[in-house]
Amino acid sequence: MTVPETLYRIPRRPWRWLPWLVLSQVLVVLAWVAWGWRCGLPLMVASHALFMVPVFLPNSRFYAPVLSRLPGQARKVWLTIDDGPSEETPAVLELLDRYEAKATFFLVGERAQARPELVQAMLARGHSLGNHSHRHPQTRFWRLGRQAIAEEIAQCQQALTAIAGTPPRWYRSVVGMTNPFVAPALKQWQLTRVGWSARGFDGVDCTPGQVVERITRDLAPGSIVLLHEGAAHGHNLAIIEAVLQAVQARGLHAGLPD
Ligand SMILES: [Zn+2]
């Protein structure tokens, strides 16, 4: 198998979970009828949990294929920077240049539309783009319906394509949550979902030292590193620089998967 075949994991059967959901609920009803609620109720709760939990697991393949590491043995890591473009983008680009690193920016469509010059600057310096939804509805992305998910992914794809001239091939779910309606949109736009293998939990309230320690602990050839830009806590640049230093110190190279 060649490397590109394993890299592009576009969903082929995005509704394959549906017959299993129907079957599980039929079995719950049959159990309830046959053995009463003491058996039926726990089975119903368990069956619902079975279909809910994968939504919240960023590297779960239950609803859509995902790339969570780079295949192969090369001493390369893939830096992925979410949530831009932002005020910090120019400084992030300077940092990446200084460490001779290439990264993929998972952009929010409406933020890209507001600052297309920053998107152009990413491309001009040899970085690549990914689809990270149009509006980044982080508290409710997991429960959006089919139409809303389709719009989030389509509008971001169209916005980035209009700026870049070519459509992105990568997609990352908002907060890593992938519900059953993501895969049909990925199939439509020929997108590959990207997870991660190294993250620092640099959310709302982060301590940069701890974040960098968590990321560097998981740094290895083939790692996909989750980073952010423009967060309100203001630590993203320090975290990115520390990770770039760690990558260099370990003899790894930050490059793009192609
Ligand atoms: Zn995000």
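All ligand and atom numbering here is 1-based and tracks the order in the structure.
Here the Zn ion (ligand 1) is the vertex; the NE2 atom in His136 and the NE2 atom in His132 give an angle of 100° (to 10°).
In terms of modelled atom types and a separation under 3.5 Å, the side chain of Ser197 and the main chain of Ile224 share a donor-acceptor contact. No donor-acceptor pair closer than 3.5 Å links the side chain of Arg169 to the backbone N or O of Thr192.
Trp17 has its ring centre no less than 6.0 Å from the ring centre of Phe51.
Each of Leu79, Ile81, Val92, Leu93 was scored for a side-chain contact (heavy atoms from CB on, under 4.5 Å) with His127, with one residue passing: Leu93.
The distance from the Zn ion (ligand 1) to the nearest N/O/S atom of Asp82 is not under 2.8 Å.
Restricting Asp83 to its N, O or S atoms, the one at the least distance from the Zn ion (ligand 1) is OD1.
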